[in-house]
Amino acid sequence: AQSVSQHNHHVILSEAASLELGCNYSYGGTVNLFWYVQYPGQHLQLLLKYFSGDPLVKGIKGFEAEFIKSKFSFNLRKPSVQWSDTAEYFCAVNAAGAGSYQLTFGKGTKLSVIP
Amino acid sequence: EAGVTQFPSHSVIEKGQTVTLRCDPISGHDNLYWYRRVMGKEIKFLLHFVKESKQDESGMPNNRFLAERTGGTYSTLKVQPAELEDSGVYFCASSRYPGVSNTEAFFGQGTRLTVV
């Protein structure tokens, strides 16, 4: 069974600081990878996803993530955060081709951006 | 397009009582998923419907949980009898096609269940 580890429980940054949220997964096969975000009082929404091809994927709102297969990692980055990025971020993985469509999530990282 | 809607947004019940959560997926989405997040832990998969059929229910914790999707539209998740450890946020998601490689799953806002 796959698992996902997010290294930081809570990250506090000032506006304009750069962001990198760590995500590692454990699964020996091919994976589909996702980052979801939940803004306060809102639903989970997809930031970006990786299925194949270019390991550097770009998502909405200036976010990007890089898949490093050798490190089983899919870290989320943003060069300059804004106060509106305050939210909880979830990394998730799906075992591609395993016949199951369930997502396995990490515990989430809360990001607080100070104006 | 209306999103995934969940009712109620918050429910507080006593241990031993019954609670029914409802999820209305996006119209036309045959696939419906239930997930749960217990406080401080990961969001965990519960089950997956394709129309009215249970495609994968490997995440259902025990037989106190019953999910239905009669007619392949909205779904209900009943917990009977509720226990303290059932407290958490229950998320519903829907997608048009099965799988994740060719479509996105849209999530609802969740139902926060508190069992006291």
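A note on names: the letters A, B, ... follow the listed sequences, proteins ahead of strands, and every chain is numbered from 1.
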S.K.: Rounded to the nearest 0.5 Å, what separation is found between the CZ atom of Phe34(A) and the CD atom of Glu104(B)?
M.R.: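 Atom-to-atom, Phe34(A):CZ and Glu104(B):CD are 9.0 Å apart.
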S.K.: Does NE2 in His10(B) sit with more than 12 non-hydrogen atoms of other residues, nucleotides or ligands closer than 6.0 Å?
M.R.: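 Count over threshold, so yes.
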S.K.: For Lys54(B), I'd like to know if atom NZ has over 12 heavy atoms of other residues, nucleotides or ligands within 6.0 Å.
M.R.: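 Enclosed: over 12 neighbouring heavy atoms sit under 6.0 Å from NZ of Lys54(B).
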S.K.: Restricting to non-hydrogen atoms, name the atom on Gln109(B) and the atom on Gln38(A) that form the minimum distance, rounded to 0.1 Å.
M.R.: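 Closest heavy-atom pair between Gln109(B) and Gln38(A): O-NE2, 4.2 Å.
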S.K.: Answer yes if Tyr90(B) and Tyr74(B) sit in the same cluster of Ile, Leu, Val, Met, Phe, Trp and Tyr residues linked by side chain heavy atoms under 4.5 Å apart, and no otherwise.
M.R.: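 Looking at the clustering, Tyr74(B) is in a separate group from Tyr90(B).
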S.K.: So for atom CZ, which belongs to Arg22(B), do other residues, nucleotides or ligands contribute more than 12 heavy atoms lying within a distance under 6.0 Å?
M.R.: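 Enclosed.
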S.K.: Does Leu113(B) share a hydrophobic cluster with Phe91(B), counting links as ILVMFWY side-chain heavy atoms below 4.5 Å and allowing steps through other members?
M.R.: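 Hydrophobic grouping puts Leu113(B) apart from Phe91(B).
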S.K.: Where does Gln45(A) contact chain B at under 4.5 Å (heavy atoms): side chain, backbone, both or neither?
M.R.: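 Neither part.
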S.K.: Of all the heavy-atom pairs spanning Gln102(A) and Ser58(B), show the shortest one and how long it is.
M.R.: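 Looking at all heavy atoms of both residues, the shortest contact is NE2-OG, 3.4 Å.
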S.K.: So, taking the atom named OG1 in Thr104(A) and the one named CZ in Phe45(B), what distance separates them when rounded to the nearest 0.5 Å?
M.R.: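 With rounding to 0.5 Å, OG1 (Thr104(A)) is 9.5 Å from CZ (Phe45(B)).
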S.K.: Can you confirm whether Phe107(B) sits close enough to Gln42(A) that some side-chain heavy atom of one is under 4.5 Å from a side-chain heavy atom of the other?
M.R.: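 In short, these two side chains do not touch, never coming nearer than 4.5 Å.
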S.K.: Working to the nearest 0.5 angstrom, can you tell me the gap between Glu42(B) CD and Leu103(A) CG?
M.R.: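 Here the interatomic distance stands at 13.5 Å.
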S.K.: Establish whether Leu32(B) and Val79(B) are linked, either directly or via other cluster members, by ILVMFWY side-chain heavy-atom contacts under 4.5 Å.
M.R.: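 They do share one cluster, since a chain of ILVMFWY contacts under 4.5 Å joins Leu32(B) to Val79(B).
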S.K.: Measuring from Thr5(B):OG1 to His43(A):NE2, what's the distance to the nearest 0.5 Å?
M.R.: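 It is 10.5 Å, given to the nearest 0.5 Å.
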